[in-house]
Undergrad: 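Have a look at the structure that comes next, please.
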Amino acid sequence: MIYDNKLDSCEIFKYINKNIKINKIYLFDEITSTNEFGKTINNDDGYYDLIISNCQTNGKGRLGRSFYSPSNTGIYMSIVFNNLPNSYNFVNITSITAVVVTKAIEELTGLNIGIKWVNDLYLNDKKIAGILVEGITNSNENITSKIIVGIGINLSTDSFPKELIDIAGSLNSEISKNMLIGYIVNYFDYYFNSSKNEYLDIYKSHSIIIGKDIIYYKDNIPHYGKAIDINNNCELVVLDSEGIIDILRTGEISIRVKK
Ligand code: BTN
């Protein structure tokens, strides 16, 4: 099937389940960062806003990195909402989103996607998508009032900057952007509102680091160990080189799988 791969909000709406409350889809040809734009939106209780751009001039990644976001070849989107459960945490939302994007891609392409804790999606040893979850804290009450879930997917990007050539890849699959975005929103709404931890089993079964020797960096200091599990809070359980269990709680940790 040949898809018209132009972003189109009417088409996206067509794929989103009718019971999901969407306030607005903001569509851009170019933007600095969909996450940054998301922070400026005042959204209604219980409604999602979607910000999607054909390219980003200042796409943001984790740990202060940038996310390469060239025109036409990827999906750069943010889901903004304020209906936060009391007991949420960023690692959970990040891992739920990793499962959501994995499920949507696998369903539409038949490919097998791997998840590298906590927020990177892989295909054939190359990173094809990343997730950046950010929150806006209400300074008076010191509570998070809004969440911005940023998703970047390389669909058909075939030339990357020098520093990414060995790391980044693309899905290289004929896939409708509008349909994929719709599926992502549907799965997000489902898993985010599910009271069961069912996402966790999917997350674990797609993990590409459980059982692997890893190097992890805390405050730039390298630590060596074996990733042995992902626990119920979606924390990474590591057996360090001295035989001591280390629990990696935050996504603010950089991990490399030892080859
Ligand atoms: C990472 O790989 O470290 C996370 C990348 C997240 C990229 C997405 S693209 C859409 C949204 N807007 C941004 O500026 N970043 C996220």
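Here, residue 1 is the first one in the sequence, and each next residue gets the next number. Numbering of ligands and ligand atoms starts at 1, following listing order.
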Undergrad: Using a 4.0 Å cut-off to any heavy atom of Met77, which atoms of ligand 1 qualify?
TA: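 Answer, ordered by atom number: 10 (C), 11 (C).
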
Undergrad: Would you say Ser69 contacts ligand 1, with heavy atoms under 4.0 Å as the rule?
TA: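 No heavy atom of Ser69 comes that close to ligand 1.
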
Undergrad: Hey, is ligand 1 close enough to Lys127 that some N/O pair sits below 3.5 Å?
TA: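 Yes, Lys127 has an N/O under 3.5 Å of an N/O on ligand 1.
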
Undergrad: Distance check, rounded to the nearest 0.5 Å: Leu7 atom CG versus Tyr76 atom OH?
TA: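 Result: 10.0 Å between the selected atoms.
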
Undergrad: Got the closest protein heavy atom to atom 9 (S) of ligand 1, with its distance?
TA: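 It is Gln56 NE2, 3.3 Å.
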
Undergrad: When you measure from atom 16 (C) of ligand 1 to each heavy atom in Lys60, Arg65, Glu36, Glu134, which option holds the nearest one?
TA: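 Looking at heavy atoms only, Lys60 sits closest to atom 16 (C) of ligand 1.
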
Undergrad: Tell me the nearest of Thr34, Ile51, Thr32 to atom 11 (C) of ligand 1, using heavy-atom distances.
TA: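 Among Thr34, Ile51, Thr32, the closest heavy atom to atom 11 (C) of ligand 1 comes from Thr34.
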
Undergrad: If only side-chain N and O atoms count, and only distance matters, is there a donor-acceptor pair under 3.5 Å linking Asn17 with Tyr190?
TA: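 No, because no side-chain N or O of Tyr190 sits under 3.5 Å from a partner of the opposite role on Asn17.
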
Undergrad: Using a 4.0 Å cutoff against the non-hydrogen atoms of Gly61, which atoms of ligand 1 qualify?
TA: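 This gives 1 (C), 3 (O), 4 (C), 5 (C) as the contact atoms.
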
Undergrad: Would you say the rings of Phe188 and Phe81 are close, in the sense that their centroids are separated by under 6.0 Å?
TA: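 Yes; Phe188 has its ring centre under 6.0 Å from that of Phe81.
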
Undergrad: So, Glu36 versus Thr32: side-chain donor-acceptor pair below 3.5 Å or not?
TA: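 Side-chain D/A pair, Glu36 to Thr32: absent.
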
Undergrad: Looking at Gly59, which atoms of ligand 1 are within less than 4.0 Å of one of its heavy atoms?
TA: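 Every atom of ligand 1 under 4.0 Å from some heavy atom of Gly59: 14 (O).
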
Undergrad: Extract all donor-acceptor atom pairs below 3.5 Å that involve side chains of residues 100-110 and protein atoms in other chains or at least two apart in sequence.
TA:
unit_1 : atom_1 : unit_2 : atom_2 : d
Thr102 : OG1    : Ala98  : O      : 2.7
Glu106 : OE1    : His206 : NE2    : 3.1
Glu106 : OE2    : Ile113 : N      : 2.8
Glu106 : OE2    : His206 : NE2    : 3.0
Glu107 : OE1    : Tyr187 : OH     : 2.2
Thr109 : OG1    : Ile105 : O      : 2.7
Thr109 : OG1    : Leu111 : N      : 3.0

Undergrad: Looking only at protein heavy atoms, identify the closest one to atom 3 (O) of ligand 1 and say how far it is in Å.
TA: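 The closest one turns out to be Arg62 N, 2.7 Å.
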
Undergrad: Tell me if a side-chain donor or acceptor on Asp229 pairs with a main-chain N or O of Ile210 at a distance below 3.5 Å.
TA: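 A pair under 3.5 Å: no.
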
Undergrad: Could you tell me if Asn92 and Asn233 have a donor-acceptor pair between their side chains, going purely by distance under 3.5 Å?
TA: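 Checked: Asn233/Asn92 side chains show no N/O donor-acceptor pair below 3.5 Å.
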
Undergrad: Is Ile131 touching ligand 1 with its side chain, its backbone, both, or neither, if touching means heavy atoms under 4.0 Å apart?
TA: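 Ile131 to ligand 1: backbone contact only, side chain stays beyond 4.0 Å.
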
Undergrad: Between Asn58 and Ser33, do the side chains contain a donor N or O and an acceptor N or O under 3.5 Å apart?
TA: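 Side chains of Ser33 and Asn58: no pair found under 3.5 Å.
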
Undergrad: For atom 5 (C) of ligand 1, what is the closest protein heavy atom, and at what distance to 0.1 Å?
TA: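 Protein heavy atom with the smallest distance to atom 5 (C) of ligand 1: Phe67 CD1, 3.4 Å.
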
